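Before any comments, here is the structure.
A note on names: the letters A, B, ... follow the listed sequences, proteins ahead of strands, and every chain is numbered from 1. What you see is a predicted model; the values in this text were computed from it and never measured.
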Amino acid sequence: MSKLLSLALSPHEKGKESVSRLMYDVLIALLPAFIVAIFFYGLGAIIISLTAVISAIVFEYLITRYILKKPSTVMDGSAALTGLLIAFNVPSNLNPFLVVLGSFIAIAVAKMSFGGIGNNIFNPALVARVFLLISFPVQMTSWPVPIENRMKYLDAITGPTALGQLKEGVMNGQNVPAIISQMPSQMDMFLGQMTGSLGEVSALALIIGLIYMLIRGVISWHIPITIFTTVFLMQGGLWLANPGAFADPVFHLISGGLMLGAIFMATDYVTSPMNKKAMVYYALGIGVLTVVIRNFGAYPEGVSFAILIMNAVVPILNRYVKPKRFGEIIKNGK
Amino acid sequence: MLRTFPKGGVHPPENKISADKPIEILPLPKQVAIPVSQHIGAPAKIIVNRKDKVKVGQIIASSGGFVSANIHSSVSGTIAKIDKVFDTSGYRKDVVIIDVEGDEWDDNILKSNDLIKQISYSKEEILKKITEAGIVGLGGATFPTHVKLAVPGGKKADILIINGVECEPYLTSDHRLMMEKSSELMVGTQLLMKALGVDKAIIGIENNKPDAIEKLTTLSKGFQGIEIQALKVKYPQGGEKQLIKAIINREVPSGALPIDVGAVVHNVGTAFAVYEAVQKNKPLFERVVTVTGKFVKSPKNLLVRIGTPTMQLIDAAGGLPENTGKVISGGPMMGKALNSLDAPVAKGTSGILLLSKDEAFRAETKACIRCAKCVNVCPMGLEPFLLMTVGERKIWDRMENERVMDCIECGSCSFVCPSNRPLLDYIRLGKNKVGQIIRQRKSN
Amino acid sequence: MSEIVLYTILTVTAVGVTAATILYFAAQKFKVFEDPRIDQVEEALPSANCGGCGYPGCRNFADACVKADNLDSLFCPVGGNETMAKVAKILGKEVAQQAPKVAVVKCNGQPKFRARINVYDGPISCTIEHMMGAGDTACQYGCLGGGECVEACKFDAIHMNPNTMLPEVIDELCTACGACVVACPRDIIELRTKNKKDRKIFVSCVSQDKGATTTKVCQVGCIGCSKCLKVCEYDAITIGNNLAFIDSDKCRLCRKCVDVCPTNSILEIGFPPRKLKKEDSGADINQSNA
């Protein structure tokens with residue numbers, strides 16, 4: 001017989017999942033937040049996002065093509081995703097050169113130097129954000145005021161974030177309820193009308209993205225919901241103990257980068273644990289660290305640091321926290 | 001109430017194209033090649049010689065050990081030779097090749113199709129008849145049935161589960177059997193119950209076969225102790241351990257057998273074969289095989305004599321399509337790719353599946369993105385990604401510690417992997433090597 | 001200021017002295033006596049840690065050598081007789097000379113001789129391909145071409161030839177450690193005694209199929225016809241399971257079997273060009289036919 005048949009071990013059928021499908025699903029989930037960002041920050045949001053995405057893709061292509069000499073992984077969408085997440089994590093009036101530098105750090109240092117997609121320990125976008133935050137604290141902490149700066153870019157009028165205001169107020173010995181009373185209402189904050197990084201402002205848009213990803217089966221609920229619960233309970237405890245010194249839990253949930261971090265950064269496949277039990281421990285750690293850093297640390301914002309610290313713990317979690325094996329309970333019960 | 005197993009599982013497209021095609025009888029082939037190892041365990045010993053005349057149902061190879069089964073001639077004619085040909089395992093194995101002359105059945109076999117409902121045999125007689133008839137698990141694992149029915153001392157079975165799940169996509173042979181031979185199936189189940197000494201049996205059927213559930217539920221009212229349990233569609237529900245968990249919520253411990261939790265699982269095909277063997281004295285020499293594929297001209301369910309070349313089945317279903325890329329014996333999730341279309345149908349062949357060139361080849365393997373989907377779908381709670389990494393590096397002791405031997409090779413991990421990684425291939429490699437190491441350790 | 005310096009020096013010194021004392025006593029308490037000869041033997045070994053001797057590494061082998069009553073069952077294939085002589089000298093024991101060996105790939109199923117009937121589509125691994133049957137050719141005994149022997153070799157002595165799609169051994173680098181023999185799931189590689197000038201004659205086939213099947217699947221497979229058996233004057237050839245085998249200890253490299261093999265499955269390697277001996281071999285064929 002001249003016809004050559006294919007030989008391989010079972011299974012002979014393959015599901016529809018693919019790396020690019022998953023990555024593009026995450027990108028779609030980021031769309032609502034992106035639209036909100038354009039609505040509030042206009043020109044700056046568009047320039048920064050484009051710069052970040054394009055530079056990330058270019059760096060990934062150059063490195064795979066000329067340094068690693070491997071088939072390029074640009075088309076799977078992971079570089080574009082990293083780029084967009086970097087853009088979401090910086091203020092909308094950031095110098096484009098800093099954005100490109102951030103992309104370089106994310107792709108070249110945090111991702112490719114570990115061996116490319118699947119091998120990095122730390123979330124590339126967060127490494128870039130923290131690198132920029134520590135190296136360029138002034139540029140990274142002057143956020144444009146939303147709406148009125150729509151048509152401005154580098155010359156935007158800046159203001160502090162809610163968390164920054166809170167931290168500064170507490171440092172100056174002010175009463176927390178008094179500080180919060182000067183801020184926009186919680187409804188406005190939930191919708192996104194506050195100063196902050198590009199993509200983190202609207203909790204609503206991010207939650208829409210979360211629901212989309214849950215429906216599509218891109219991520220499981222374990223990480224984001226555990227982070228929310230932990231932060232809510234822990235902050236709630238602090239708040240009940242001393243409402244004068246600590247902000248209420250809802251304020252912490254909707255302010256700063258918590259939503260963006262919990263939904264899109266902590267759930268990054270590569271840097272999160274490999275089974276649900278370990279995911280819960282990991283998310284628990286992120287929640288606790290976030291609350292601790294926000295309330296007692298020097299920085300007003302703690303999610304990025306919390307996630308990066310827990311990223312480092314992931315290999316240990318993977319090693320020692322195993323999924324429940326089938327048929328184990330009965331064996332131990334004997 | 002619909003039940004299912006809780007952990008893992010996937011939903012491959014069902015593609016039950018031939019579900020409403022009645023069972024047809026395939027015309028006798030000119031020549032059959034009957035393999036002597038169609039079951040798990042020792043191959044049977046050939047007891048006929050060249051030029052011998054044989055009748056349908058005559059024993060041609062006798063059981064070669066405790067875990068082994070008799071092999072009977074499926075046709076009448078002259079033995080042409082004893083040779084080695086490719087069988088479904090992909091290796092050349094011993095076969096008895098018989099030239100077909102007429103269709104003369106052994107005198108003891110009752111050829112009528114009348115239902116014999118009365119069970120007039122004792123437990124021992126039933127077991128003896130099953131042993132003689134060479135019945136093996138017809139779901140695909142081909143474990144000799146009489147061994148499964150011989151409950152080891154100190155253990156006790158309290159429930160019989162009949163597996164009518166047929167969770168493999170495409171395959172419909174069990175479905176058709178349940179529809180067309182329902183009464184025989186019921187009697188077969190009662191025979192198995194008597195052989196086991198249990199008074200309760202549950203037939204588990206997935207919800208995608210509502211007609212079978214309805215028909216058997218109505219019928220079961222006339223048979224004492226038999227219940228029908230509808231199950232939610234989820235692959236691999238047909239796996240013994242998953243089915244037991246789904247139906248009676250007992251978890252078979254790692255490394256143990258279903259009998260350790262008091263359950264015995266048999267396939268519907270086996271139950272039907274038991275009926276024929278006990279009530280009609282008919283040994284296992286034919287079975288229902290689904291011939292299917294998305295682009296096969298006329299997908300069919302065929303009643304086929306053991307030893308018929310695969311090509312003949314494909315011809316009966318409209319011939320081999322031009323762009324065939326893969327021919328699989330069994331279903332798409334657990335079947336074996338055939339390397340020769342002359343491979344004979346064996347007792348464990350539940351289907352012949354043809355895939356086109358586009359479906360047949362695997363996509364390019366990419367780097368693992370650690371999405372943990374394989375961990376989430378594994379019905380045994382293993383970590384396929386880790387097993388593969390360890391397997392590639394040949395660290396067998398770590399693989400053993402990660403419980404590689406628990407793997408039921410259902411293929412859910414490879415099915416779901418977005419990077420198209422050959423997870424199950426490496427797990428199988430690990431099972432192979434770790435199995436060798438364990439056997440070595442035991443023999444020392 | 002000077003006080004701070006002083007205190008620093010004092011503290012660090014105190015910590016150092018305490019730690020040193022603890023370490024000293026710990027070392028005394030947990031001291032394990034080790035035969036100094038183990039170190040000496042290890043020094044003499046090639047430190048390849050290849051496992052060819054059957055022990056996990058050179059140190060374990062050295063340990064075994066020191067503990068053993070005699071060195072009969074111990075041999076370092078990499079170092080060979082020279083190394084073993086050194087080891088024996090250190091330990092004051094006797095060691096027998098062993099003939100050096102070399103790995104030989106016993107399959108010549110190049111694509112031109114052995115047609116591919118199917119396409120293997122799984123991961124490149126001989127063991128995995130072997131698990132699912134004959135593989136992409138119809139020969140269930142021959143080389144699968146996955147290169148697991150190449151991976152196993154620590155001395156870079158075995159390579160895949162892209163033209164023949166078969167592994168080739170570089171005799172000079174091969175230490176006969178046996179790693180490839182273990183790695184091959186089909187037992188194609190054999191360790192054979194080295195002959196002078198690296199010449200070798202061997203049956204390049206391991207197929208146990210009947211002759212008719214073998215010829216169908218491969219042009220150069222051994223069909224077990226026994227012609228070589230009849231022509232061999234030194235009883236070096238045996239036939240079993242439809243397969244001829246040449247004992248490398250008995251073979252005198254006369255090459256008569258090569259000439260009579262109808263399927264060219266006996267290979268001669270390392271000999272001078274055939275022309276020189278054409279007349280002799282011609283006579284041999286005539287003799288055997290007569």
Side-chain angles (χ1 to χ4, degrees), chain A residues 1 3-23 25 70-71 73 75-76 78 115-120 217-220 222-223 267-279 314 318-319 322-334, chain B residues 7 10 12-13 90 169 241 245 251-254 256 261 320 324-328 330 332-339 341 353 355 359-363 366-373 375-376 378-383 385-386 403 406 409 411 414-420 422 424-425 428:
Chain A
M1 204 183 102
K3 219 169 268 173
L4 295 182
L5 294 178
S6 148
L7 284 182
L9 288 167
S10 65
H12 308 287
E13 193 156 341
K14 179 70 194 65
K16 288 194 178 62
E17 265 99 350
S18 74
V19 176
S20 35
R21 207 204 86 167
L22 292 171
M23 294 296 168
D25 260 348
K70 283 198 291 195
T73 46
M75 286 319 290
D76 64 20
S78 60
I117 184 164
N119 297 315
N120 45 312
V218 180
I219 56 168
S220 66
H222 296 77
I223 293 176
T267 56
D268 171 39
Y269 282 146
V270 183
T271 54
S272 62
M274 295 294 283
N275 63 67
K276 288 174 177 165
K277 216 198 291 176
M279 278 179 190
V314 165
N318 279 337
R319 185 76 178 81
K322 293 289 171 190
K324 199 186 121 229
R325 316 283 202 208
F326 186 93
E328 198 163 49
I329 303 177
I330 298 173
K331 204 180 180 187
N332 292 345
K334 260 186 188 174
Chain B
K7 188 188 277 298
V10 289
K241 294 181 173 180
K245 179 79 184 168
E251 214 164 297
V252 181
S254 161
V261 294
L320 191 73
T324 308
K326 200 186 239 178
V327 179
I328 297 159
M333 296 300 282
M334 288 187 78
K336 295 208 76 162
L338 291 179
N339 57 356
L341 292 182
L353 170 63
L355 295 181
E359 297 167 295
F361 289 92
R362 292 187 182 178
K366 291 184 187 145
C368 171
I369 57 164
R370 308 174 68 78
C371 65
K373 282 190 189 295
V375 183
N376 294 341
C378 180
M380 300 307 290
L382 306 177
E383 294 166 288
F385 78 97
L386 180 69
R403 307 272 286 271
D406 280 2
E409 304 186 18
S414 295
F415 173 82
V416 83
C417 180
S419 292
N420 307 313
L424 185 53
D425 295 45
R428 281 210 181 90

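Within the 4.5 angstrom heavy-atom criterion, atoms from both the backbone and the side chain of B/Ile369 approach chain A. Proximity to chain A (any heavy atom under 4.5 Å) is restricted, for B/Lys336, to the backbone atoms N, CA, C and O. Heavy atoms of B/Glu359 lying under 4.5 Å from chain A belong exclusively to its backbone. The parts of B/Leu382 that come within reach of chain A are both its backbone and its side chain, each placing non-hydrogen atoms under 4.5 angstrom from that chain. Neither the backbone nor the side chain of B/Leu353 comes within contact range of chain A; no heavy atom of the residue lies under 4.5 Å from a heavy atom of that chain. At a 4.5 Å heavy-atom cutoff, the contact between B/Pro379 and chain A is made by backbone atoms alone.
B/Arg428 places a side-chain heavy atom less than 4.5 Å from the side chain of A/Ser10. At least one side-chain heavy atom of B/Leu341 sits under 4.5 Å from a side-chain heavy atom of A/Leu5. Residues B/Ser254 and A/Arg325 form no side-chain contact, since every pair of their non-hydrogen atoms from C-beta on lies 4.5 Å or further apart. You'll find the side chain of A/Leu22 reaches within 4.5 Å of the side chain of B/Lys373, heavy atoms only. Looking only at side-chain heavy atoms (C-beta outward), A/Lys322 and B/Arg403 stay at 4.5 Å or farther from each other. By the 4.5 Å heavy-atom criterion applied to side chains, B/Arg370 and A/Asn318 are counted as neighbours.
Here the closest non-hydrogen pair linking B/Ala372 and A/Met279 is CB-CE, 4.4 Å. Of all non-hydrogen atoms in A/Phe326 and B/Asp406, the two that sit nearest each other are O-OD2, 4.4 Å. Pairing each heavy atom of A/Ser6 with each of B/Ala360, the nearest pair is OG-O, 3.6 Å. Here the shortest heavy-atom pairing between B/Lys326 and A/Ala8 reads NZ-CB, 4.1 Å. Listed here is the closest heavy atom pair of B/Gly381 and A/Pro323: O-CG, 3.6 Å. Across all non-hydrogen atoms, the minimal contact from B/Arg362 to A/Leu9 is NH2-O, 2.9 Å.
Atoms SG and CD1, on B/Cys371 and A/Ile219 in that order, are 12.5 Å from each other to the nearest 0.5 Å. Here NE2 of A/His12 is found 13.0 Å from CZ of B/Phe361. Values are rounded to the nearest 0.5 Å. One distance of note links NZ of A/Lys14 with SG of B/Cys417; it measures 6.0 Å at 0.5 Å rounding. Rounding to the nearest 0.5 Å places SG of B/Cys378 at 11.5 Å from CG of A/Asn275.
Put simply, the side chain of B/Lys241 never gets that close to the backbone of A/Gly327: no donor and acceptor are under 3.5 Å apart.
Between chain B and the options A/Gly118, A/Ser18, A/Pro11, the largest number of non-hydrogen pairs under 4.5 Å is found for A/Pro11. Listed options B/Ala256, B/Ala367, B/Pro13 were ranked by heavy-atom pairs under 4.5 angstrom with chain A; first place goes to B/Pro13.
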